[in-house]
Structures are given as C-alpha cells and as structure tokens.
Amino acid sequence: MKRKVLIFSTLLSSIIFITFLNQGIDKDSVQSKEQNIEISEIYGDFVMDATKKEEVVGNSENVFIAKVIKQVGTQPLNEHMPRTQFEVEVKRNIKGKLKDFIIINQSAGFMTDSEGNVTLVKFENQELLEPGKTYLFASLYDSNNNWHNPVPGYGEVLVSDDTKKQMIDEYKKAFKAQKTSKIMEKHKDKDFVNGYIDEE
Amino acid sequence: MNIAPDTWATYEDLTFKDILEQSTLLGYYQKLTGSDIIAFNVFNFMKMTNDERKKVALHEMGHALGFGHHDSGIMRQGRFSMTELDEHIKEDYYELY
C-alpha cells in the first residue's frame, strides 16, 4: 500500500511540476510574442503627391526591383528619427542603371529610450524591410552617405511572384508618363533620366 | 499663430527643427511622448519659395492638429504654394474641435 501511495504521489508531483513548467514556458513565449512595442507614426509631405506613381517615378533617380540581403546599419537621422540601412541586390532596373549590391537607407527603425522602452518609428503606410523579401524601390541617391533614400512607404513596395509582372508594367507605364517637380530640377547634382516634365 | 515655449508652468507641445537629407521629403510631423516634432528638410527647403514653405508648415500643423491627407487643399501632398486655409480643412477643424 505504502508503495502504491509513493508511486501515486511521485506521479502527481511530476504532473504538477510539468504543468507549472509548461505554464511558465507558455507565459514567456506569449510575453515575447506580444512584447508591447509602441509605434510612433510619422506623417510626411513630399516633393510630389506620393500616391501617384508617375510623380513618385518622376521625382526618383532610380526605380528598381531588388532583394533585401541583410541589415547593415542603424544610423539615425537624429535622436527621435531612427533609420535602418540594408544591403540589397538589384534584380531589375525600371528607371536608371543600378547594378549588383547597393545600400538602401530606410527612414524607419527601433528607438530605445533611457528607461529601455522600445518604440518602432515609421512613416504612415510603411513597413520595415525584411531580409529575403523583394521590393520595388523608388529612390534618390544620397552622395553624403553613399546610399539610396527611397520614398518612405510609397517607394518601397513589397513584390511577390504573383504581383511582380503587373507591378513592373505599371511602373514602366508610370515612367513613360512621369511628372517631375521643378524643385528637383534645382538639385543640379541629381540625375533624372529623360529630363523633366513639370506638373504645372 | 504663436507657439508657446516651455515655461515653469507650461510644457511645450510642439518643437520645430530642421533636418538635412537628400530625399524627396519636404517635412514631417512626428507624435512623441512629450513634445511632438515638426521637421523641415533643408535639402529641399533651400530651393523653395516662401509660399511653398508656408504650405509645408501649414500642412504639418494640420497633421499636428489631427488631420490626415486629402486630395485637395492644404492637406494635399506635394510642393505647391498655399498660404491660406482652404474650406475643407476649416470644415474639418469645426467638426473635430
């Protein structure tokens, strides 16, 4: 009898221990998944109406399809504006002639305050770039940093195998009808393919 | 419009600052814990007329007041001259406040 009680007690203790252990693991897992990251959204105004493709293309030096290889830096613009740099492999040019591997500087990223709170700072309609995924970029070359600044959100569009062909056709069409703001004409060092077509 | 600075009794709600980035960005509004920020991109501002700059300033103030983008008036994206508030944003203002 004593032996049966001992076996029963051992089994019961084991079940209770495993249950508590699992609860602990689940709790940690849920906490890590639902880590409360605050999002700080930025509302920008651009040289062009960024919702119109022909204006985004017209005010970009380069429009191209590229695959994100890896994150290579987190150089912020200022204390409140993080930026994240990615190495990307150019797959196809729609406007301009880029090749091989270049750096994309995304105006978004994580910011940690003095108390250790993490905030994701990003523009409206923008998602952080993900290594392994392919995007259509519309960008200006930043000669000070030797990287390319895409239009936040509107110039960093996720491309899937299903949408790739349609997207290339749309942006090629937008390139033919491109509209460039006169203000970009004043940046003498900028190289806009096929000159300028102003909106006014 | 006057923006009240920090004093012993009040806390500044909005800070204006310049940024320099070779991009198509004219300016932005960023909501933060504490003082929010409106930033103007010197890279493009240096090439703009005063009235175009005023449009960007009014546009970002609109965001700070809680208005989103619109396809006309001061809340339309893009570089153009505008120095007065349009009817649409006035209507939005009276509706929101």
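Lettering of chains follows the sequences in order, A, B, ..., and the numbering in each one begins at 1.
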Are more than 12 heavy atoms from other residues, nucleotides or ligands located less than 6.0 Å from atom CZ of A:F101? yes
Contacting region of A:V56 [heavy-atom separation from chain B under 4.5 Å]: neither
Where do B:E60 and A:G44 come nearest, in terms of heavy atoms and distance? OE2-C, 4.0 Å
Please examine the side chains of B:L32 and A:S40, heavy atoms only from C-beta on, and report whether any two atoms are closer than 4.5 Å. yes
Please work out which of the three classes, parallel, tilted or perpendicular, describes the rings of B:Y28 and A:F123, given edges at 30° and 60°. perpendicular
Which value, rounded to the nearest 0.5 Å, describes the distance between A:F46 atom CZ and B:L25 atom CG? 5.5 Å
Need one label for A:S107: side chain, backbone, both or neither, based on atoms under 4.5 Å from any heavy atom in chain B. side chain
Any chain of hydrophobic side-chain contacts (each under 4.5 Å) joining A:V68 to A:V63? no
Mind checking whether A:Y43 and B:Q77 have side chains closer than 4.5 Å, heavy atoms only? no
Might you confirm whether atom CG of A:D161 has over 12 heavy atoms from other residues, nucleotides or ligands at distances under 6.0 Å? no
B:R79 to A:S181 - nearest heavy-atom pair and separation: NE-OG, 2.8 Å
Most contact-rich option vs chain A, by heavy-atom pairs under 4.5 angstrom, among B:K55, B:R76, B:H59, is B:H59
Is it possible for you to say whether A:I168 and A:V90 belong to one hydrophobic cluster, with membership spreading through side-chain heavy-atom contacts below 4.5 Å? no
Return yes if some donor-acceptor pair links the side-chain N/O of A:D45 with the main-chain N/O of B:G78 below 3.5 Å, else return no. yes
Return yes if some donor-acceptor pair links the side-chain N/O of B:H69 with the main-chain N/O of A:T51 below 3.5 Å, else return no. no
Does a sphere of radius 6.0 Å around NZ in B:K17 hold more than 12 heavy atoms from other residues, nucleotides or ligands, not counting ones at 6.0 Å or beyond? yes
Output the distance between atom CG (A:L77) and atom CG (B:L20), rounded to the nearest 0.5 Å. 8.5 Å
So the side chain to side chain donor-acceptor pair (under 3.5 Å) pairs with at least one residue in residues 63-83 of chain A (sequence neighbours excluded) are A:R83-B:E21
Measuring from A:E41:CD to B:K31:NZ, what's the distance to the nearest 0.5 Å? 12.0 Å
With a 4.5 angstrom heavy-atom cut-off, could you sort out which part of A:N144 is near chain B: side chain, backbone, both or neither? both
If Ile, Leu, Val, Met, Phe, Trp and Tyr residues are connected whenever their side-chain heavy atoms lie under 4.5 Å apart, and connections chain through other members, are A:F86 and A:V159 in the same group? no
Specify the closest pair of heavy atoms between B:T24 and A:V151, including all atoms of both residues, with the distance to one decimal. OG1-CG2, 3.6 Å
Is the distance from the ring center of A:H187 to that of B:F43 below 6.0 Å? yes
Could I get the full list of side-chain contact (heavy atoms from CB on, under 4.5 Å) partners for A:A66, not counting sequence neighbours? A:F64, A:V88, A:F137
Common cluster, A:M184/A:M48, ILVMFWY with side-chain heavy-atom separation under 4.5 Å: yes
Crowded around B:Y94 OH? As in, over 12 foreign heavy atoms under 6.0 Å? no
Counting only N and O atoms by type, is there a donor-acceptor contact under 3.5 Å from the side chain of A:N149 to the main-chain atoms of B:Q22? yes
Under a 4.5 Å side-chain heavy-atom rule over Ile, Leu, Val, Met, Phe, Trp and Tyr, are B:F16 and B:F45 clustered together? yes
